[in-house]
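A short worksheet on the structure shown next.
Computed from a prediction, not measured in an experiment: that's the story for all the values here. We name chains A, B, ... by the order of the sequence lines, and we start the count at 1 in each one.
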Amino acid sequence: MPVVDVDPDELRQLVGTDKDDDELREDLFALGLEFEGWTDEDEFQLEFAPDRLDRLSVEGIARSLRYQYGTDRGVYVPNTNDPEWTIEVDGPPAERPYVTGAVVRGLEFDEESLESLIQIQEKLHATMGRQRAKGAIGVHDLVALKGAAGTGGEKTIRYTSMDPDEERFVPLESEEGMTPREVTDSHHMGSQYADLVDGFEEYPAIYDDIGLFSFPPVINGRRTEVTEDSRDLLIEMTGTDQWTVDHMCNIVCYALSARGGTVERVTVEYTDDTPGEYAGRSLDRPDFSVKTKTVAHDRIESIVGVEFDSGTVLDCLERAGLDGTVDDDEEVTYEVEIPPYRVDVLHPLDVIDDIGRAYGFNDLEPRYPDVSTVGGRHERSRLEDAARDTLVGLGFEDLLNFHMISTEENFDRLGIEPGSDVLGGGQPVTIREPYSEAYEILRTWALPSLLLVLENNTHREYPQHLSEIGLAAELDDSENTGVAERRTVAAVLADTEASYEDARGRLQALAKAFDADLATPPTEHPTFIPGRTAEVVLDGESVGVIGEIHPKVLVEHDLELPVAAFEFRLDALE
Amino acid sequence: MQLPEAQVAVLKTADADTDRPITELAEEADLKVETATGAALALAEEGLLSVTEREEATTTLTEEGREYVEQGLPELRLYEAALEAGADDEPVSLGQLLGEAGLDGPAVDIALANFARKGYGTVDSGEVSATADADPDADDERRALDALDAGETVEDTELLDQLESRGLIERQESTTRLVSVSDDGVTALMEGVEVAETVGQVSPELITSGEWRDVEFAEYNVEAEAEEPAHGREHILRQTANRVKDVLVGMGFKEMDGPHVDAQFWINDCLFMPQDHPARTHWDQFDLESPEEIQDLPDELVERVRSAHLEGVGEDSEGYHSPWEESVARSLDLRGHTTSLSMRHLSGFAKGDLEPPERYFSVEKVYRNDTLDPTHLLEFFQIEGWVLAEDLSARDLMGTFTEFYEQFGITDLDFKPHYNPYTEPSFELFGTHPETGEIVEVGNSGIFRAEVLEPLGVEADVMAWGLSLERLLMLMYGFEDIRDVHGTLCDLELLRDVEVVY
């Protein structure tokens with residue numbers, strides 16, 4: 001879950017409160033922002049669920065607290081000035097066709113507010129921006145930009161493509177000019193994002209009249225770097241989805257507006273032959289229009305479980321930073337206005353959740369639903385339990401092992417090969433990027449797990465009579481998933497006098513308990529001693545193997561005493 | 001008459017006319033005193049012996065007392081030395097006398113204290129004068145010590161008190177049992193008394209032959225610890241799982257079953273998790289190299305799910321601004337949660353269309369690409385449950401889960417509003433630990449979103465919750481490292497010794 005660092009003094013100042021740290025922490029917890037600890041700079045580290053991305057910065061959190069305290073009510077939309085600047089979109093890479101932007105003027109930065117601006121960009125990149133792949137933010141000092149880069153005349157910048165090896169510019173944290181390819185190859189920040197343009201024939205580029213100043217989503221140019229002296233900013237965001245970059249932009253603009261900045265819109269002009277859905281269109285951004293959802297009164301009552309009057313609903317909406325109007329035709333509904341920084345409201349249900357939170361879910365009286373149903377266990381799980389109980393009665397210690405295992409353990413150390421016609425010899429399910437070699441496939445049988453337990457417990461008292469009923473899986477084209485998953489019954493008898501007969505006796509007792517006819521015709525299996533190995537045939541079907549484990553397998557597992565074992569398919573006991 | 005061997009021996013050794021101590025009989029019959037005592041009491045119970053008790057005081061010399069028997073009491077040695085040196089005429093210096101009497105250390109004080117008390121003389125300013133006509137041979141204390149040493153008794157209690165206070169003797173009270181053969185005993189002896197057999201292991205033959213009527217069962221030490229047999233037991237986590245299943249079945253829940261390897265469609269897409277959601281990357285879930293894709297998905301459902309992702313459901317819903325590809329939905333993963341089973345059931349794919357009300361649960365394994373540590377495993381059991389009914393509210397959810405957690409002693413449930421892509425409203429559940437009183441997170445819950453239910457064709461409400469079984473086990477039974485319990489690194493000793501769950 002995302003973590004955001006917040007200076008409590010800054011928060012108090014933005015909220016306009018003098019509550020102490022403990023009170024603030026309690027109020028933040030009620031908002032769903034959990035205090036995780038202090039940073040080195042004495043800031044709160046707050047963890048929160050990734051729905052309210054407008055709370056990724058101190059400004060957004062302050063806004064939420066003001067609603068909570070009742071200082072603010074209803075939808076707030078900052079005023080915006082008419083556009084002076086244009087972003088001309090002319091042939092950017094088809095992989096990254098969309099851009100948005102804004103100008104914010106009249107800011108006064110100090111160290112903290114500048115840090116906050118950097119943090120909100122990082123946090124938005126990590127969440128909505130999907131590590132910059134879906135949306136990446138560039139913030140520039142407007143003073144360093146010179147318009148008229150495009151054909152449109154004055155105050156235009158241009159989002160387009162560039163040759164990775166031809167263009168040169170000085171990126172952030174660099175002293176010298178580099179080509180974009182040099183940046184992705186060797187710049188300490190740029191190389192972290194190289195994979196985002198990997199395979200692009202041409203790279204995304206933004207020019208002003210002077211030249212290249214931004215290489216999204218990798219790095220900005222040094223010329224337009226924002227410092228504490230910057231007053232007016234140009235924000236651009238590029239990405240793979242217009243809605244996403246527009247809303248990331250809204251969140252940043254709301255934060256800068258809370259710092260006293262004045263938002264000025266920009267015109268985004270997609271040329272006729274540019275890739276993406278907006279070719280030939282002109283957009284006015286940021287788009288601070290308020291969207292609406294229609295929410296039924298009945299649904300609010302049925303979800304929260306409380307009867308409301310309309311006044312209460314409207315009050316809750318305003319305390320959540322929303323606005324509503326009642327429409328009481330036949331069925332009472334509310335027309336609810338949602339401000340442009342809210343990216344989490346996808347459906348009327350999300351508004352109902354806001355009403356419930358404002359009303360106070362935790363104050364609700366729990367009630368047990370007056371609904372009667374008949375419970376019961378699944379047949380497979382009952383069979384598993386019955387077989388497990390029988391094994392325990394026969395003296396086995398029941399175990400529970402992982403289904404993921406290493407190829408070496410499943411096959412090599414037991415002397416078998418994948419694709420061989422013996423129990424355990426099926427082709428395994430393989431994991432694309434395993435946690436480690438020890439967990440690279442799903443086990444094809446359970447005996448390797450039991451031998452591992454024996455190996456890890458040679459210091460414990462014998463006899464060790466272990467059993468497990470659990471999952472084994474192998475590739476099988478006849479299954480829809482391509483995998484045959486079955487429950488397997490495995491048992492080992494490790495003690496100084498363990499013999500085939502001991503294992504046979506217990507298997508016999510188990511088969512008898514389930515009224516299954518057992519036969520054990522001789523067979524061969526590389527894990528077992530020849531001449532002391534048999535097929536497990538239950539009711540005429542060959543379902544497993546029984547025998548004494550071969551000394552080469554015992555030695556491999558550091559075992560110094562005989563082990564007799566059996567394994568077969570659980571469904572044979574049905 | 002048949003009697004146990006020891007009783008026969010005691011009866012035959014005892015006398016009809018004289019009361020004799022049991023110790024004496026024991027020696028004569030070659031029995032341990034305890035055995036003879038037990039036998040005698042048993043015979044008395046039968047009326048064959050009569051037993052009387054005698055209180056006796058025994059007096060024994062202490063080590064110091066024995067030393068004075070040999071070397072003489074210190075005061076007497078001082079007196080003898082004093083007479084030698086002529087102190088009955090003229091006072092003699094104490095130092096000289098002590099040297100001659102061979103007294104030093106604590107014996108000096110003892111000698112001086114008793115010398116005057118018994119009238120052997122006086123000591124004044126380091127000068128000793130001796131009484132001329134005292135008679136050390138007649139010293140009571142000396143004579144008493146000598147008598148006791150010779151095994152005689154001393155009756156003078158004042159004298160004994162004095163010796164005891166000097167630490168020269170110890171006195172003990174003891175009870176001696178004296179027995180004699182009663183009239184019945186005499187009769188029995190005249191009629192003949194035989195030794196009955198004693199039996200160790202009870203044998204089938206002993207029982208069937210009726211022989212058991214005439215035998216005596218040897219007494220065992222019933223308090224001693226015995227060797228424990230090797231034995232099987234159900235794994236502690238299984239016991240916990242079954243306990244959870246019992247509770248849920250009791251609350252009207254039916255158990256679900258379904259595949260561990262499943263299409264992302266069932267695991268994520270049906271749950272309205274956007275395809276570019278961070279939790280869908282390999283960092284959270286295990287994607288499969290082989291096999292790669294599921295063969296069949298229900299086409300219509302796929303279309304409805306796609307549309308929910310891209311456009312939402314109903315008129316006032318917008319869906320995600322994320323790409324949606326069927327190839328991603330078809331790719332196979334190890335399930336990261338058992339909600340895939342809920343989706344298979346709610347869609348009617350598992351068991352046909354469901355009519356509300358229904359309750360379903362599972363306690364099954366899930367797989368997460370987490371970092372292994374004492375509280376995290378790559379595979380663990382997820383408890384998953386849901387209720388399908390008309391008009392379910394947050395209050396119904398709270399009532400149901402309060403009931404469930406109370407079964408495990410977790411009370412004062414707190415419902416913290418939370419966010420999940422698939423439920424709205426959503427709540428993280430916190431409860432008070434029954435032992436430690438700490439507030440602990442115990443699960444995640446919510447009411448399924450319309451974007452989840454509408455494509456599945458569910459028209460009623462569904463509330464659901466989940467938590468890890470291992471977490472419940474650790475909370476309830478105080479395990480600190482789950483790896484000791486679950487998996488091939490398990491410790492057999494711990495599993496053998498851990499208290500059962502019920």
Minimal non-hydrogen separation, B:E234 against A:D385, with atom names
OE2-OD1, 4.3 Å
Side-chain donor-acceptor pair present, A:K134, B:S322, cut-off under 3.5 Å
yes
Closest heavy-atom pair and its distance - B:C490, A:L399:
SG-CD2, 4.2 Å
Quick one: are A:E384 and B:R238 in side-chain contact, heavy atoms under 4.5 Å?
yes
State, with a plain yes or no, whether a side-chain heavy atom of B:L388 is found less than 4.5 Å away from one of A:T373.
no
Which heavy-atom pair separates A:F402 from B:E379 by the least distance, and what is that distance?
CA-OE1, 3.1 Å
If we define contacts as heavy-atom pairs under 4.5 Å, which of B:K365, B:M398, B:E390 has the most with chain A?
B:K365
Hey, what's the ring geometry for B:H321 with A:W243, parallel, tilted or perpendicular (30° and 60° as the breaks)?
parallel
In terms of heavy-atom proximity below 4.5 Å to chain B, should A:I469 be classed as side chain, backbone, both, or neither?
backbone
In Å and rounded to the nearest 0.5 Å, what is the CG to CE distance from B:L378 to A:M404?
4.5 Å
Would you check if the side chain of B:D257 reaches a backbone N or O of A:S381 as a donor-acceptor pair within less than 3.5 Å?
no
Please tell me if the side chains of B:D287 and A:E433 come closer than 4.5 Å, counting only heavy atoms from C-beta onward.
no
Between A:F361 and B:P417, the two heavy atoms sitting closest are CD1-CG, 4.1 Å
Criterion side chain to side chain contact (heavy atoms under 4.5 Å, CB included) on B:H260 and A:L442, from CA distance to verdict
CA-CA 10 Å; B:H260 292 240; A:L442 287 187; 5.5 Å; no
Considering only heavy atoms, which portion of B:F401 lies under 4.5 Å from any heavy atom of chain A: side chain, backbone, both, or neither?
neither
When you compare the side chain of A:I431 with that of B:L288, does any pair of heavy atoms fall below 4.5 Å?
yes
Under 4.5 Å from any heavy atom of chain A, what part of B:F415 do you find: side chain, backbone, both or neither?
both
Name the region of B:Y320, side chain, backbone, both or neither, that has any atom closer than 4.5 Å to a heavy atom of chain A.
side chain
Structural part of B:E315 lying under 4.5 Å from a heavy atom of chain A:
neither
Student check: side-chain heavy atoms of B:Y419 and A:D353 closer than 4.5 Å
no
Should B:S393 and A:V304 count as side-chain neighbours, where that means a heavy-atom distance under 4.5 Å?
no
Tell me, for A:R299 versus chain B, whether the close heavy atoms (under 4.5 Å) come from the side chain, the backbone, both or neither.
side chain
Any side-chain heavy atom of B:M463 within less than 4.5 Å of one from A:P369?
yes
Choice from A:E479, A:H247, A:E455 maximising heavy atom contacts with chain B below 4.5 Å
A:E479
Measure B:A263 against the heavy atoms of chain A and call it side chain, backbone, both or neither at under 4.5 Å.
neither
Atom of B:V261, atom of A:V429 and distance for their closest heavy-atom approach:
CG2-CG1, 4.4 Å
Look at the rings of B:Y367 and A:H403 and say which category their plane angle falls in: under 30° parallel, 30 to 60° tilted, over 60° perpendicular.
tilted
Any side-chain heavy-atom pair from B:E424 and A:I352 closer than 4.5 angstrom?
no
